Amino acid sequence: MAPRYEPHEIEAKWQRVWEDERAFNVPNPRPGEEAPERHWYQLEMLPYPSYNGMHMGHVLNYTMGDVITHVRRRSGWTVVRPMGWDAFGLPAENAAIREGGHPREIAERNIDTIRAQMQRLGWAIDWEREVSSHDPRFYRWTQWLFLKLWQEGLAYRKSAPVNWCPNDQTVVANEYVVDGRCERCGAEVELRNMTQWFFRTTAYADELLEYPGVDWPERTKTIQRNWIGRSEGAEILFRVDELDEDLAVFTTRADTLFGATFFVVAPEHPFVEAHASEDAKAYARHAGARPAEERAAETEKTGAFTGHYATNPVNGERLPIWVADYVLMDYGTGAIMAVPAHDERDGEFAAAFHLPVRLVVGEDGRLGSSGEFDGLPAAEGARAIVARLQAEGRARPTVSYRLRDWSFSRQRYWGCPIPAIHCERCGVVPVPEEDLPLLLPEVEDYAPKGKAPLASNEEWLRVDCPQCGGEAQRDPDTMDTFVDSSWYFLRYVDPHNDEAPFDRFVVDYWLPVDQYIGGIDHTTGHLLYSRFFVKALNDFGMLGFREPFARLFHQGWVQMGGTKMSKTKGNVAGPEAIVEQYGADAVRLYILFMGPADQDMEWTDSGIEGIVRFLRRLWRVVHEVAERAPAEGEPGALTRKANETIAKVTDDVLRRFQFHTPISALMELLNELGGAPDAPDARFAAETAVSLIQPYAPHIAEELWSALGGERLWRQPWPQADESQLVRETFELVVQVNGKVRDRFHVDAGLSEHDLVARAREREKVRVHLNGGEPRKTIVVPGRLVNFVV
RNA sequence: GCCGGGGUGGCGGAACUGGUCAGACGCGCCCGACUUAAAAUCGGGUGACUUCGGUCAUGCGGGUUCGAGUCCCGCCCCCGGCACCA
């Protein structure tokens, strides 16, 4: 009799063994010593410990990573699979304000809960590499990297309009403003002019458009490319004769220059304040104060004449200069030449203010009314016009981007302090490297008040200038948490390094990350920032690659009530209830069996019974086989089925990234095995089933492997399909007449096409449908079918 | 509007390069066995219609092909990204 299946007992037992035997701890290579050549860096996006526990979306994500880790490990790869915590950030801070307590306590409590859940689920993680962004041993190096980027000119300060969240009382990066609202809290953001720290992400705009040697989903690359928004065009200077001043415009349609009939500047353009009429200034003040969202939603064009004229450099025409809010200050030069005939928005404006319209590109795509350029195709015309103006010093080809530099200062407490000192005499001075980490001080009150909470900590704020020794002040802002997550994957592989953020030899060994798994919502944020960091650090000579993530997979959302699980919506389901009732193996199998991992899925536990039945049947059948004396005889159908399953599971996991179909295949194998537990190859089939299910359900697999007399399944080589067993000796031949199946019967696989046709024609059902006639055409698909066309 | 992804049984989904009557595997449902009974377990059935010969079925309409869920053209619907970006 088989013992009872007690998931809690066997799961605890094997988790202890794995820990004692350091089953999933992986050493780093050392220079001069031999290290495994086949290595694999398996990474899933690090969790944000804002919940007191994981939800099923996390479980899906990390279980997928776990399956890959096991299959790769057992296929001969040395797999590193670390884990850590994105612990800084607003949710912990807001929770602390709401509930009392310190954000550190809340973050660390949540980390403890999540870590315990992860361990309970039995994931193959190298816990000795655990890092947390709020740990001074980590953020010391975040600060160090900031100083490096600053020193190299990739971090700088400037006053610029930034997104201000009035609820969180802090700046929010463009990437995390959705529909004009703060992605975190949903409050409508305002534009504010503030002096902020920026990373010069635009320095890599062109390179970020390319993905050399990188296997990413097409849609992800498209989203990033849309976000970067590269347009080729030209900057053209228009002269304002009476002011003896030039105004630059950016255009992608230099071919329409002869069609310009007016000129427009953005309300925020310095020209308005300097030279515009009082009416125009009043308009600009009013328009500029409106939120960008509202401006964009406006269908009616509004504007005012400034009282000045700009001269079109190509034909000397004087164009009235208007101010209008449909022109944006932060794209191009904040000024445009308006061509109402060839630009929809300019056309609307011209209609509203009765301005002239002049057509200069014909139906045939060639220029007209354009002087010497008449007859040229548009693209060629644009080049020719820019070339002529360039010779006159009035134009140059340029490229414009939608991408903005990343503003990363936050007026909040719970983040990495910025190691910069403001000195009246010396300006902004870096904190000396030997003074790092610059510790986050304790403060009494970190409630947002519109200025950084650290600014109220006088004692911390006051400091001697490292350059002149005079009285100076620390920078009171903290860094965006996306700075932490832009390099955590580098620290994971060298987490205990006290000399540097990471060792180049070590990162060059493990990285780029072989497989990254995470949500597509991070496409224009974290994923773009991480690429920026890696390119910059490569330029600094700190590492030897330019892309952080070689392969990328986005899991679908686990939803409840049709929307993504979120704590604020209250639709969160965690694994604990199912773990408690059925064990970790059941949860792991069930979440992967729910459907294709890249598709959104509606959470329901109504199907868990099927998985539990499967596990119990597996338990019973394998024990039944283990207790029988092996039968004598030739391998048969079970051997072939087992080999087919090996091929299917391996291919699905490693090549197709499909995790639910292997479970179906294993169910099929078990169904066959259950029907023939006394077959001569039952033992082989049982061993194969247990071995193949190990990545999904490692605890029951270990236990059953022991029952079959094996040991340490996690160290056993991944099964290889025996090709010779995949070849069938007979197959079912389908016979069609005019494409309709009329008969099917088993034939020897070795028959020639001629024989197949002959055998097919003998069949009674086929003869009836052939009606005595001769087929006009016969199609033979070897190994499958014969089709007669009459 | 532009770009990307997707529409298959009551449900989740399978069918990987056009080729074994599309629907694997599981859920649900129905029937049966065991049981005093229930649960659990085990066995069987389950796309629709049917005059039981078949016929119709993968969002809709057309096309290519001996053969289309799979390829092509047009349309409808759903999801995601970008959007007054010159």
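In this text the structure is predicted, and so the values were computed from the model without any measurement. Convention: sequence-line order gives letters A, B, ...; per-chain numbering from 1. Values below: every heavy atom of this structure, side chains too, minus hydrogens, waters and symmetry copies.
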* To do: Tell me what A:Glu348 touches on the nucleic acid: a base, only sugar-phosphate, or nothing, going by heavy atoms under 4.0 Å.
  => nothing
* **Between B:C79 (P) and A:Arg219 (CZ): distance, integer Å** => 15 Å
* Asked: For A:Pro320, which residues count as a side chain to side chain contact (heavy atoms under 4.5 Å, CB included) partner, sequence neighbours excluded?
  -> A:Phe262, A:Phe305, A:Tyr309, A:Trp322
* Just checking, is any N or O donor in the side chain of A:Glu348 or A:Tyr326 under 3.5 Å from an acceptor N or O on the other one? -> no
* Hey, are the side chains of A:His342 and A:Leu359 touching, using non-hydrogen atoms and a 4.5 Å cut-off? -> yes
* Asked: Any ion pair linking A:Arg230 and A:Asp206 (charged N to carboxylate O, less than 4.0 Å)?
  -> yes
* **Nucleotide B:C82, atom P - distance to OH of A:Tyr331 in whole Å** => 16 Å
* Asked: Say you pick atom P in B:U8 and the same atom in B:G59; how far apart are they, in whole Å?
  -> 6 Å
* Asked: For RNA chain B, what is the dot-bracket line, given that a base pair needs Watson-Crick (N1 to N3, plus N6-O4 or O6-N4) or G-U wobble (N1-O2 and O6-N3) geometry with both distances under 3.5 Å, and | means paired with another strand?
  -> (((((((..(((......[.....)))((((((.......))))))(((....)))..(((((..]....))))))))))))....
* To do: Please work out if A:Pro596 contacts a base, only the sugar-phosphate, or nothing of the nucleic acid, heavy-atom cut-off 4.0 Å.
  => sugar-phosphate
* **First of A:Met594 and A:Gln658 reached from the 5' end of RNA chain B, by closest nucleotide** => A:Met594
* **A:Arg225 side-chain N/O to B:G4 phosphate OP1/OP2 under 4.0 Å** => no
* Nucleotide B:A86, atom C1' - distance to CD of A:Glu235 in whole Å -> 13 Å
* To do: Please name all residues satisfying side chain to side chain contact (heavy atoms under 4.5 Å, CB included) with A:Gln559, sequence neighbours left out, ordered by chain then number.
  => A:Trp557, A:Asp600, A:Glu602
* **Contact state string [nucleotides 25-30 of chain B, B base, S sugar-phosphate only, - no protein heavy atom under 4.0 Å]** => BSSS--
* Grab the CD-P distance between A:Glu268 and B:C84 for me, whole Å please. => 14 Å
* Is any side-chain heavy atom of A:Met56 closer than 4.5 Å to a side-chain heavy atom of A:Val587? -> yes
* **Sub-4.5 Å side-chain heavy-atom contact between A:Pro7 and A:Asp585** => no
What does the list of N/O pairs under 3.5 Å between the protein and nucleotides 66-70 of chain B look like, with a distance for each?
unit_1: B:C66; atom_1: OP1; unit_2: A:Lys777; atom_2: NZ; d: 3.0
unit_1: B:C66; atom_1: O2'; unit_2: A:Asn787; atom_2: ND2; d: 3.4
unit_1: B:C66; atom_1: O2; unit_2: A:Asn787; atom_2: ND2; d: 2.4

* To the nearest Å, how far apart are A:Asp600 CG and B:G81 P? -> 11 Å
* What nucleic acid atoms does A:Thr604 come within less than 4.0 Å of, heavy atoms only: base, sugar-phosphate, or nothing? -> nothing
* If the P atom of B:A38 is compared with that of B:G32, how far apart are they to the nearest Å? -> 11 Å
* **Distance in angstrom units between A:Phe349 CZ and B:C84 P, rounded** => 17 Å
* Asked: Would you say A:Leu527 and A:Leu552 make side-chain contact, with heavy atoms under 4.5 Å?
  -> yes
* To do: Using a 4.0 Å heavy-atom cut-off across all strands, classify A:Val327 as base, sugar-phosphate, or nothing.
  => base
Distance-only criterion, 3.5 Å: show the donor-acceptor pairs between side-chain atoms of residues 216-223 of chain A and protein atoms not counting sequence neighbours.
unit_1: A:Trp216; atom_1: NE1; unit_2: A:Phe549; atom_2: O; d: 2.8
unit_1: A:Thr220; atom_1: OG1; unit_2: A:His554; atom_2: NE2; d: 2.7
unit_1: A:Thr222; atom_1: OG1; unit_2: A:Glu218; atom_2: O; d: 2.8

* Check: A:Tyr211/A:Arg225 side-chain N/O donor and acceptor closer than 3.5 Å -> no
* Asked: Closer to the 5' end of RNA chain B via nearest nucleotide, is it A:Gly595 or A:Tyr326?
  -> A:Gly595
